[in-house]
Amino acid sequence: MNPPLKVDLAELNLAELTEAVVTNGGQPFNARQVAHWIYRQGVTNFAQMTNLSVPLRQVFAETFTVSTPNIERSERSSDGTVKLLLGLTDGRQIEAVFIPDTPGKTFCISTQVGCAMQCGFCLTGKMGFTRNLSTGEIVGQIRVLIQKFDLIDSTFNVVLMGMGEPLHNYDAVMKALDILTDLNGIAMPSRRITLSTIGLIPALKKLATAPVMPNLAVSLHATTEELRSQLVPMNKKYSLKDLMEVCRRFPVRRREQITFEYVLIAGINDSMADVARLAALLSGMPAKVNVIPLNEAPGVSFRRPPDQQINRF
């Protein structure tokens, strides 16, 4: 007979964690202690949670686990950016990135294994979609990065801009944001979290009323319906026109903006006519444009524009 499966605390928000702790002989304040050890100290071994009684530590070790992605490979680029390949418990792999050369430092994390959106210039889109990440796998990337780069009690930013479309995994992502912003969790201000989406309109409307409101970044990449449908196939279902209408109604905080990401592709979307349409499209909105010259890669047929054209744009 197999032993009972342990409860994975990495998947629980504070309310669920409290219920699990109380069910197993603890008090609500013990749940806050456990959360502090996991998220603020990086400790997942219950024997090391020294402000818990010895009997509780023993019960929790027998009953609970805290799953954590495993670093399988780490690569540092010349500008200091570090790309990590992380292994999950089922053998799947995802990527997370640490970008030190930004105000406050930035973690770029994944929300899915692969991606179903099939954007024409995106390597992850070429991989296809395997599965959603769980809440614990999303937050676990941040726990790993905090430990790897010794950033406990430090200020940093999080962008959900790695593998996957965050709004395609809405429930797990929003629960992850709940854990990230909880004062007994990682205690991140929501203004330091950015969610990047191609614009899945039903989920975007839900996000507009969510209790935790991250900054919004919209992957635009084109200024006409026809071209955006070629680059971002989901535009055939959720049109550029409808996306812009939702963005105009999105509750942007005072003195903040929606970021529109625009991957610049030679001869495709880099003309002065594109510039004019882009300005008209975003006119009157609290918006900024993040122009990203294409990162050429094998398997992607598009090309990066010459520097002169990038600067002109």
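One-based numbering along the sequence shown. All values below come from the heavy atoms of this structure, side chains included, with hydrogens, waters and symmetry mates left out.
Using modelled atom types, one side-chain atom of Q309 and one backbone atom of D270 make a donor-acceptor pair closer than 3.5 Å. T197 contributes a side-chain N or O that, together with a main-chain N or O of G199, makes up a donor-acceptor pair within less than 3.5 Å. Side-chain N or O atoms of D242 include none that pairs as donor or acceptor with a backbone N or O of Y238 at under 3.5 Å. Side-chain atoms of T63 never come within 3.5 Å of backbone atoms of F60 as a donor-acceptor pair (strictly under, hydrogens ignored). A donor-acceptor pair under 3.5 Å is absent between the side-chain atoms of D178 and the main chain of V212, judged by distance alone. Judged by distance alone, with hydrogens and angles left aside, the side-chain atoms of R253 form a donor-acceptor pair with the main-chain N or O of M213 at under 3.5 Å.
Between atom CG of residue L160 and atom CD1 of residue I193 there is a gap of 7.5 Å, rounded to the nearest 0.5 Å. Here K105 contributes atom NZ and N157 contributes atom CG; the two are 10.0 Å apart, rounded to the nearest 0.5 Å. In this structure, CD1 on I186 lies 10.0 Å from OG1 on T181, to the nearest 0.5 angstrom. L282 contributes atom CG, which lies 13.5 Å from atom NZ of K288 (distance to the nearest 0.5 angstrom). Between the CG atom of L278 and the OG atom of S283 there is a distance of 11.0 Å, given to the nearest 0.5 Å. Separating the CD1 atom in I142 from the CZ atom in F156 is a distance of 6.5 Å, to the nearest 0.5 Å.
By the rule that hydrophobic residues join a cluster once side-chain heavy atoms approach within less than 4.5 Å of another member, M174 and L183 end up as members of separate clusters. I99 and V144 are members of different hydrophobic clusters when ILVMFWY side chains are connected at heavy-atom separations under 4.5 Å. I292 and I268 fall within a single hydrophobic cluster, where Ile, Leu, Val, Met, Phe, Trp and Tyr side chains are chained together by heavy-atom contacts under 4.5 Å. Tracing side-chain contacts under 4.5 Å through hydrophobic residues (I, L, V, M, F, W, Y), one reaches V291 starting from V218; they form part of the same cluster. In terms of hydrophobic clustering, with Ile, Leu, Val, Met, Phe, Trp and Tyr side chains grouped at heavy-atom distances under 4.5 Å, L56 and V22 are assigned to different clusters.
Summarising the local packing, CZ of R248 is surrounded by more than 12 heavy atoms from other residues, nucleotides or ligands at distances under 6.0 Å. For D101, the CG atom sits in a loose shell: 12 or fewer heavy atoms of surrounding residues, nucleotides or ligands are nearer than 6.0 Å. Within 6.0 Å of CG in D150 there are 12 or fewer heavy atoms belonging to other residues, nucleotides or ligands. In N290, the CG atom is crowded: over 12 heavy atoms of neighbouring residues, nucleotides or ligands sit closer than 6.0 Å. Within a 6.0 Å radius of CD in E226, other residues, nucleotides and ligands contribute 12 heavy atoms or fewer.
As a member of the Ile/Leu/Val/Met/Phe/Trp/Tyr network built from side-chain separations under 4.5 Å, F29 groups with nothing else and remains a singleton. Under a 4.5 Å side-chain heavy-atom cut-off, the cluster of Ile, Leu, Val, Met, Phe, Trp and Tyr residues that includes V159 is completed by M161.
By the 4.5 Å heavy-atom criterion applied to side chains, V173 and L167 are not counted as neighbours. Between V232 and M117, the closest side-chain pair of non-hydrogen atoms is not below 4.5 Å. Q33 places none of its side-chain heavy atoms less than 4.5 Å from the side chain of M49. Contact annotation: the side chain of E165 never approaches that of N169 to less than 4.5 Å [non-hydrogen atoms, C-beta and beyond]. Residues V113 and L88 have side chains in contact (heavy-atom distance under 4.5 Å, counting atoms from C-beta outward). Side-chain contact between L240 and L281 is present, with at least one heavy-atom pair separated by less than 4.5 Å. Contact of the N269 side chain with the Q230 side chain is not registered, since no non-hydrogen atoms from C-beta on lie closer than 4.5 Å. Y39 is not listed as a side-chain neighbour of D182, based on a closest heavy-atom distance of 4.5 Å or more.
With sequence neighbours excluded, the residues satisfying side chain to side chain contact (heavy atoms under 4.5 Å, CB included) with K237 are M234. Partners of R277 according to the salt bridge (Lys or Arg N to Asp or Glu O under 4.0 Å) rule, which considers only residues two or more places apart in sequence or in another chain, are D274. For N311, there are no side chain to side chain contact (heavy atoms under 4.5 Å, CB included) partners two or more places apart in sequence or in a different chain. Legend: residues meeting side-chain hydrogen bond (donor to acceptor under 3.5 Å, both in side chains) with S74, ordered by chain and number and at least two apart, are absent. In terms of the side-chain hydrogen bond (donor to acceptor under 3.5 Å, both in side chains) criterion, N70 has no residue partners (sequence neighbours excluded). Applying the ring pair (Phe, Tyr, Trp, His ring centres under 6.0 Å) test to F98 and every residue at least two apart in sequence or in another chain returns F107, F149. Among residues two or more places apart in sequence or in another chain, the ring pair (Phe, Tyr, Trp, His ring centres under 6.0 Å) test is passed with H36 by none. With sequence neighbours excluded, the residues forming a ring pair (Phe, Tyr, Trp, His ring centres under 6.0 Å) with Y262 are F313, listed by chain and number.
For the salt bridge (charged side-chain N to carboxylate O under 4.0 Å, His left out) condition, the pairs that include at least one residue of residues 4-23, sequence neighbours left out, are E16-K175. For residues 23-44, the set of pairs meeting the salt bridge (charged side-chain N to carboxylate O under 4.0 Å, His left out) definition, not counting sequence neighbours, comprises R40-D153.
Under the 30°/60° scheme for interplanar angles, the aromatic rings of H168 and F129 are found to be tilted.
Of the charged side-chain nitrogens involved, none lies within less than 4.0 Å of a carboxylate oxygen, so that E137 and R92 do not count as a salt-bridged pair.
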